[in-house]
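To find a chain, count down the sequence lines: A is the first, B the second, and so on, and within it residues start at 1.
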Protein chains: 2
Amino acid sequence: MASADLFKRQGYAATSMRQLAKAVDIEPSSLYSHIQSKEEILQTICFEQAEKFTKFIEWIAEQDDSPIEKIKAILLHQIQIACDDSTSITVFNDEWKHLNEEHLKTFLISRKTYESLFIEIINQGVQQNVIKDVDPKIVFNTLLSSIKWIHFQSNKNAANPNNFSQIVDLILGGILN
Amino acid sequence: MASADLFKRQGYAATSMRQLAKAVDIEPSSLYSHIQSKEEILQTICFEQAEKFTKFIEWIAEQDDSPIEKIKAILLHQIQIACDDSTSITVFNDEWKHLNEEHLKTFLISRKTYESLFIEIINQGVQQNVIKDVDPKIVFNTLLSSIKWIHFQSNKNAANPNNFSQIVDLILGGILN
DNA sequence: GTCTATACGATGATAGAC
DNA sequence: GTCTATCATCGTATAGAC
């Protein structure tokens with residue numbers, strides 16, 4: 001999608017319908033045969049990604065794997081998507097605040113659900129004594145945040161599939177030798 | 001600064017001069033007695049923060065501390081600032097891409113300088129065998145990224161000074177027990 | 001589904017009086 | 001340094017012909 005690319009580079013608010021139209025080589029008004037509003041584009045991108053993540057964590061949560069294996073799988077999944085579709089992920093990460101009031105509300109609920117499922121897994125790890133007994137919210141935020149640079153990489157540099165598990169091990173095990 | 005607060009909440013592009021004016025209770029045109037353009041406000045915020053970070057890492061780099069101590073100090077400093085002035089830090093982190101061509105160029109050079117100094121410290125740690133031998137750019141990005149959630153915290157929750165060293169230890173040592 | 005034409009409010013910024 | 005008045009441009013979106 002050309003719109004995700006523009007939203008990623010310029011941000012949602014700084015991207016006009018005129019630019020969007022030029023990117024797909026039609027007149028601005030013609031866009032409205034495909035969409036109802038500019039916000040609808042943003043909404044589609046954000047909720048597509050949100051659903052992807054939520055479905056995965058819901059699936060992982062009910063597997064028989066250990067908490068550590070589950071967290072590894074989630075991080076690997078996130079990294080994979082950040083590489084495969086870096087534009088949509090950037091929009092999902094950085095532009096959701098421009099959703100309209102109604103969509104924003106739904107979006108935040110969805111994030112909260114995701115957080116709860118993740119924190120449940122962390123708590124299991126703490127109980128089993130394989131994860132440090134630190135505030136689970138800190139662990140959650142640190143884990144998710146630590147991979148939010150990959151989608152900015154210009155390409156295949158630090159963030160190619162060969163490095164995926166290396167990155168996950170770094171995050172889980174720390175940088176200390 | 002009221003402008004940093006609006007830029008944080010709505011983003012630079014979505015914030016108008018009229019809103020900025022209302023926030024300080026004057027007419028929009030009166031703003032131009034204090035600034036030359038909207039972009040100048042953004043520029044001031046971004047470069048103030050950039051200078052703060054650069055000065056600190058330059059100072060740390062020439063200390064006698066071990067690489068790990070240096071990295072700890074840098075992360076603690078970043079966390080401290082993220083708590084003290086979360087609005088400016090959010091603008092610095094997320095809105096710099098709206099700088100004009102000339103300022104953007106300077107800004108990116110400044111970031112590159114910062115990255116080089118940080119990576120040098122990481123490399124020292126790797127040579128001394130106290131830091132894992134992973135691509136230093138991955139380590140750099142992961143470390144810096146992992147604290148980029150603190151400035152979003154509503155307040156004093158997970159991110160109060162008592163937790164600072166806990167967070168740093170988590171990042172350096174990983175979540176594994 | 002695409003076009004031309006257009007509505008019309010919002011945008012950043014300026015001129016000039018006080 | 002603040003105001004009122006204003007400018008030119010761009011913003012999203014619609015109407016209606018083809």
Side-chain angles (χ1 to χ4, degrees), chain A residues 1-49 87-88 90-107, chain B residues 1-50 87-88 90-108:
Chain A
M1 227 189 212
S3 42
D5 184 58
L6 279 166
F7 289 171
K8 174 185 180 175
R9 280 161 37 212
Q10 309 182 333
Y12 171 78
T15 303
S16 69
M17 293 301 282
R18 296 187 210 270
Q19 284 180 293
L20 252 19
K22 195 168 273 182
V24 291
D25 209 34
I26 55 175
E27 292 300 310
S29 61
S30 303
L31 287 172
Y32 290 90
S33 296
H34 305 271
I35 52 154
Q36 288 201 318
S37 69
K38 182 186 168 190
E39 198 265 354
E40 192 188 271
I41 307 174
L42 178 65
Q43 182 225 333
T44 303
I45 298 173
C46 287
F47 283 97
E48 261 177 21
Q49 303 306 316
T87 53
S88 298
T90 306
V91 176
F92 169 78
N93 280 335
D94 300 342
E95 304 298 326
W96 55 264
K97 66 177 160 200
H98 296 110
L99 288 167
N100 71 30
E101 204 176 1
E102 181 202 338
H103 294 145
L104 183 59
K105 205 171 140 189
T106 312
F107 185 81
Chain B
M1 228 190 211
S3 42
D5 184 56
L6 279 166
F7 289 169
K8 175 186 181 176
R9 278 162 38 213
Q10 309 182 334
Y12 171 77
T15 303
S16 69
M17 294 301 283
R18 287 164 167 79
Q19 284 179 293
L20 252 19
K22 193 167 275 180
V24 291
D25 210 33
I26 56 175
E27 292 301 310
S29 61
S30 302
L31 288 173
Y32 290 91
S33 295
H34 304 271
I35 51 154
Q36 287 201 319
S37 69
K38 183 185 168 190
E39 198 266 354
E40 192 187 272
I41 306 174
L42 178 64
Q43 182 224 336
T44 303
I45 298 173
C46 287
F47 283 97
E48 261 177 22
Q49 303 305 316
T87 54
S88 298
T90 307
V91 176
F92 169 78
N93 280 335
D94 300 341
E95 304 299 325
W96 56 265
K97 65 178 160 199
H98 295 109
L99 289 166
N100 71 28
E101 204 176 2
E102 181 202 338
H103 294 145
L104 183 59
K105 205 171 140 189
T106 313
F107 185 82
L108 291 176

**Q.** Euclidean distance, atom CD of residue A:Glu27 to atom C1' of C:dC3 [Å, nearest integer]
**A.** 7 Å
Q.
In whole Å, I'd like the distance from the CG atom of A:Leu31 to the P atom of C:dT2.
A. 9 Å
Q.
Could you measure the distance from the NZ atom of B:Lys38 to the CD atom of B:Gln43? Nearest 0.5 Å is fine.
A. 14.5 Å
Q: Return the orientation label for the A:Phe107 and A:Trp96 ring planes: parallel under 30°, perpendicular over 60°, tilted otherwise.
A: parallel
(Q) Less than 4.0 angstrom between a side-chain N/O of A:Arg18 and OP1 or OP2 of D:dT12, yes or no? (A) no
Q) In whole angstrom, what separates B:Gln19's CD from C:dT11's P? A) 7 Å
Q. Looking at A:Tyr12, is A:Lys97 sitting on its ring face, NZ or CZ under 6.0 Å from the six-membered ring centre and within 45 degrees of the normal?
A. no
Q) When we call it a touch if two heavy atoms are under 4.0 Å apart, what does A:Ser29 touch: a base, just sugar-phosphate, or nothing? A) base
**Q.** A:Ser30 vs B:Pro28, nearer the 5' end of DNA chain C by closest nucleotide
**A.** A:Ser30
**Q.** Distance, rounded to the nearest Å, where A:Leu20 contributes CG and D:dG11 contributes C1'
**A.** 13 Å
**Q.** N/O (side chain, B:Ser16) to phosphate O (OP1/OP2, C:dA10) under 4.0 Å
**A.** no
Q | Heavy-atom check, side chain of A:Glu48 versus side chain of A:Thr44, under 4.5 Å | A | yes
Q: Could you please spell out the steps behind the side-chain contact (heavy atoms from CB on, under 4.5 Å) verdict for B:Ile41 and B:Leu20?
A: CA-CA 10 Å; B:Ile41 306 174; B:Leu20 252 19; 4.0 Å; yes
Q. Counting side-chain heavy atoms from CB outward, which of C:dC3, C:dA13, D:dA13 is closest to B:Tyr32?
A. C:dA13
Q | Out of D:dT2, C:dT14, C:dC3, whichever nucleotide has its closest atom nearest the side chain of B:Ile26 | A | D:dT2
(Q) How many whole angstroms separate atom NZ of B:Lys38 from atom P of C:dA13? (A) 8 Å
Q. Rounded to whole angstroms, how far apart are NE2 on A:His34 and P on D:dT14?
A. 15 Å
Q.
Could you tell me how far apart B:Ile35 (CD1) and C:dA13 (C1') are, to the nearest whole angstrom?
A. 10 Å
**Q.** Whole-Å gap separating C1' (C:dG12) and CD (B:Glu40)
**A.** 14 Å
